[in-house]
Engineer: 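Before anything else, here's the structure in question.
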Amino acid sequence: MSISLEGTVEHIRFHNDETFWTVAGVRVAGEPGAVPVVGSLPGIQAGMSVRMSGRWEANPRYGRQFKAETYTELVPATRQGLVGYLASGFITGIGPKMAERIVDHFGTDAVDVVMRAPSRLAEVPGLGKKRVQALVESFKERRGAQEALVFLFGLGIPRGLAMRIYRKYRDDAVMVVRQRPYQLAEEVYGIGFHKADQVARGLSIAQDDPGRLRAGIFHCLREARDEGHCFLPRELLLDQATALLGVGRELLPDALSALVYDGKVTLSAAPFAGEDEVAYLTPLYHAELRAAAHLAALLATVHPRDEDLAARVLSAAELLGIALAPGQEAAVRAALDNGVTIVTGGPGTGKTTIIRTLLEAAGVPKQRVALAAPTGRAAKRMSEATGEPAYTIHRLLEYSQELGFQRDESNPLEADLVIIDEASMVDLPLFASLLRAVPATARVVLVGDQDQLPPVGPGSPLMDLIACGRVPVARLSEIFRQGAGSAIIENAHAVNRGEPPLPTPAGTPLQDFYFVRRDEPEAIAQTIEELVTRRIPERFGFDPVRDVQVLSPMRTGQIGVERLNERLQAILNPPREGEPDTAELVGFRVGDKVMQTQNDYDRGVFNGDIGVVSHVDAKKGVIGVAIDDREVLCDREQRDALVLAYAITVHKSQGSEYPAVVMPVSTHHFKMLRRNLLYTGITRGKRLVVLVGTERAARIAVGNGGTEIRFTMLDRRLQQVLDGELFSA
């Protein structure tokens, strides 16, 4: 139950400019000393008289304190109180003498003038225009932040999201939220339709408001995109929007038409019976058309046949000391013979060998070869395996946040051979952007494992092109000597065949793959804790933070990423005794394992990069992260792209490898138990994989081998273009 407390702020012990988290001492009548007060208190200053609402709590480290949820300023009535209030520091530049002159000039209206008409300070003798302007700006900034955040808090918006809204719109924050609350869902990271709708309903916006209807339909398409779809059938979209919005379905066609008119949504002819149209978010529609058009151009380019190609391939392999299997040799020849080629196979089947041989046999100058992968870690592995520079696709295309991709049709890549590794991770928008930058005369080789998880983003270009039947595909299945004898690779291929990995018998000699049987989620979580923090480091010598990676199918739940991160952080990196816990202030502690979730080319960090927090400046809100033997600084904005990474999702692990992987396999992750997810998790481990869970869950996963259904039409679009039915994007 919330209670009220009144007093005067005696001192500020700590204040974070980003979160407004404050530790203050407040003098309260009847209390023997200053009461410790903590909370997110924007604009609070020493000397203020305040009324706070909150609750008393007993902090195990700091004792009894008042946790304030909101506060309001109480303006004093006496001359002495007014002078003290104005001189308290809540406006930079007003000290005791200046406060006296302001009160002498305006009397009891002094505070009212400062708050509502600060420009009138120019009436005070001795205050020049420049100083008045500085005072006005200082006051507006402090007061604007306070009023906006108090308003947002009052709507039930959590502190972190309220800060993002304020940083996005600054002085316009209140106006945007009041007049266009659904705009938040499109423009502010972390605020989806449901949160924006909660805000709108708090502002009494009607359930059938046209803006709400448009936002609901748009949300359904964005949610479909986030689930991997490029479009939704029109009728399915309207059904989903009706259920979401709780309004009559007859209201929605006009709202959909308005979105089409605004250019946010595009309707296209449906590719299957029973539907007239499908609805795309417009950028995805254009990405699909462009990708098909550019693929068709690459496939249509005639490359001169080399009668000595077979000999050249074998000569290249001999030079590298490689004995190519027939399937590998055929894959290299196909890649050199065609404008677009796909090379697909599981772990240990020689995909890297093919890339190395291809580079040697292509006869292309090194400066005319482009090697790339979707993530920084995958690009680094590609470079280490080939000895040649490899880049993320974004860096290859010279992406910048301000200008987007600098490489396109008007500024194509200077390359005759483009090889993309981990191609199963590439989503449709990135694939379309890549193809725009590839010259029509170049050869493109897509290397990937079709049995891994599909891209996190929309579409599944690699699978679409394989399904299309119009692109040459080299399938590798033979396991070569570098993978022979590895229980990791043997179990990965067994899973792919629909055979579950079996629990490891007690007393088994050291090997690289284990399945530990545990039934209940708590037992699984406890075992993972023991494995990561004690058993694996003691038995195999792996560092529990740097070498061991926990992968989980889901974010939530007892054995989901979020809870496992909490548990592992508490054991591997607890708060330091006698020091403020920086995790409460900036989200992280020195020594925390963290992952970057967005590409940042200015700082050279990429989605999936993992590092360790090296230092924290809580007052400035800046942290340092050690990634690959260098320190990357992250300010308050950049920290939004960091998450704890003692445990990460299997999806986030794509394109990466780790010395040791520990993964829960439980029926409590039932909806995520798919063969490709288990297969992907197993293949992330280089030297050790430990599954913890039940045989039943493993059997369910390997039995659920059907391809994930995604609404995508790249295969049909490409067929149409190649057959002359569709000519432009």
Side-chain angles (χ1 to χ4, degrees), residues 346-348 375 377-378 380-381 422 425 449 451-453 483 486-496 500-504 508 510-518 524-525 527-555 559-561 564-565 567-568 572 593-595 608-612 643-666 669 672-694 697-698 701-702:
T375 68
R377 281 181 168 261
K380 184 179 180 182
R381 284 173 37 221
E422 297 287 355
M425 294 178 62
D449 187 342
D451 296 313
Q452 285 191 29
L453 288 169
S486 166
I488 294 174
I489 290 178
E490 290 174 1
N491 275 283
H493 285 274
V495 166
N496 226 7
L502 298 176
T504 308
T508 300
L510 284 183
Q511 58 185 57
D512 64 0
F513 184 92
Y514 295 85
F515 190 158
V516 180
R517 183 190 286 112
R518 295 291 185 273
I524 293 172
T527 300
I528 289 173
E529 283 182 8
E530 294 172 10
L531 287 166
V532 173
T533 63
R534 184 176 59 82
R535 290 165 59 181
I536 289 176
E538 289 177 0
R539 198 170 188 191
F540 294 90
F542 289 127
D543 183 280
V545 174
R546 298 181 185 276
D547 296 333
V548 184
Q549 185 59 61
V550 177
L551 305 179
S552 179
M554 297 183 71
R555 296 203 58 82
I559 47 177
V561 164
L564 288 173
N565 267 318
R567 296 177 71 138
L568 292 170
L572 295 171
K593 184 177 185 178
V594 295
M595 181 175 65
D609 280 353
I610 289 179
V612 175
V643 295
L644 286 176
Y646 300 97
I648 63 175
T649 63
V650 179
H651 281 85
K652 275 294 185 184
S653 74
Q654 288 178 270
S656 298
E657 286 184 340
Y658 312 97
V661 163
V662 179
M663 180 178 171
V665 183
S666 168
H669 291 155
M672 297 296 291
L673 288 177
R674 302 184 67 87
R675 184 185 299 173
N676 57 4
L677 185 137
L678 181 58
Y679 172 78
T680 300
I682 291 172
T683 55
R684 298 309 90 200
K686 292 172 64 176
R687 295 160 57 191
L688 177 67
V689 172
V690 183
L691 305 182
V692 185
T694 66
V702 298

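None of these values were measured; they are calculated from a predicted model.
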Engineer: Side-chain contact, heavy-atom cut-off 4.5 Å: I682 with F513?
Structural biologist: yes
Engineer: Run the side chain to side chain contact (heavy atoms under 4.5 Å, CB included) test on V532 and L568 for me, step by step, so that the C-alpha distance in whole Å, both residues' side-chain angles and the decisive distance to 0.1 Å come before the verdict.
Structural biologist: CA-CA 8 Å; V532 173; L568 292 170; 4.1 Å; yes
Engineer: Under 4.0 Å between a Lys/Arg side-chain N and an Asp/Glu carboxylate O for R535 and E530?
Structural biologist: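 A salt bridge links R535 with E530.
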Engineer: To the nearest 0.5 Å, tell me how far D449 CG sits from Y679 OH.
Structural biologist: 3.5 Å
Engineer: A side-chain contact here means heavy atoms from C-beta on lying under 4.5 Å apart; do P501 and V495 qualify?
Structural biologist: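 Contact flag for P501/V495 side chains = yes.
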Engineer: If I take atom CD1 from residue I536 and atom CG from residue D543, how far apart are they, to the nearest 0.5 angstrom?
Structural biologist: 12.0 Å
Engineer: Just by distance, no angles: are the side chains of D451 and N496 close enough, under 3.5 Å, to form a donor-acceptor pair?
Structural biologist: yes
Engineer: Take atom CZ in R546; do more than 12 heavy atoms of anything else shown fall under 6.0 Å from it?
Structural biologist: no
Engineer: Determine whether L691 and V516 satisfy the following criterion, side chain to side chain contact (heavy atoms under 4.5 Å, CB included), listing intermediate values before the conclusion.
Structural biologist: CA-CA 6 Å; L691 305 182; V516 180; over 6 Å; no
Engineer: When H651 is tested against each of T680, L551, L677 for side chain to side chain contact (heavy atoms under 4.5 Å, CB included), which residue passes?
Structural biologist: L677
Engineer: If you round to the nearest 0.5 Å, how far is CD of E490 from CG of D512?
Structural biologist: 8.5 Å
Engineer: Under the side chain to side chain contact (heavy atoms under 4.5 Å, CB included) criterion, do M663 and V689 qualify, and how do the steps go?
Structural biologist: CA-CA 8 Å; M663 180 178 171; V689 172; over 6 Å; no
Engineer: Hey, what do you get for OG1 (T533) to CD1 (I528), rounding to the nearest 0.5 Å?
Structural biologist: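 One finds 11.5 Å between OG1 of T533 and CD1 of I528.
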Engineer: With rounding to the nearest 0.5 angstrom, report the CD1 to CZ distance, I648 to R555.
Structural biologist: 10.0 Å
Engineer: Before you tell me yes or no, could you show the steps for I610 and R377 under side chain to side chain contact (heavy atoms under 4.5 Å, CB included), namely the whole-Å CA-CA distance, both residues' side-chain angles and the distance that decides it to 0.1 Å?
Structural biologist: CA-CA 9 Å; I610 289 179; R377 281 181 168 261; 3.6 Å; yes
Engineer: Do E657 and Q549 touch side chain to side chain, with heavy atoms closer than 4.5 Å?
Structural biologist: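 In short, these two side chains do not touch, never coming nearer than 4.5 Å.
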Engineer: One pair to check against salt bridge (charged side-chain N to carboxylate O under 4.0 Å, His left out): E422 and R381. What are the steps and the verdict?
Structural biologist: CA-CA 11 Å; E422 297 287 355; R381 284 173 37 221; 3.5 Å; yes
Engineer: With a 4.5 Å heavy-atom cut-off, do P347 and H493 have their side chains touching?
Structural biologist: yes
Engineer: Please round to the nearest 0.5 Å and tell me the distance separating atom CD of Q511 and atom OG of S486.
Structural biologist: 10.0 Å
Engineer: Who are the salt bridge (charged side-chain N to carboxylate O under 4.0 Å, His left out) partners of R518, not counting sequence neighbours?
Structural biologist: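 In terms of salt bridge (charged side-chain N to carboxylate O under 4.0 Å, His left out), with neighbours along the sequence ignored, R518 is linked to no residue.
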Engineer: Using side chain to side chain donor-acceptor pair (under 3.5 Å) as the criterion, list what pairs up with R675, not counting sequence neighbours.
Structural biologist: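 Testing R675 for side chain to side chain donor-acceptor pair (under 3.5 Å), a comparison that skips the adjacent residues, returns none.
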Engineer: Does some side-chain heavy atom of D547 sit less than 4.5 Å from a side-chain heavy atom of Y658?
Structural biologist: no
Engineer: Would you name the heavy atoms of V650 and S653 that are closest together and state the gap between them?
Structural biologist: O-OG, 2.6 Å
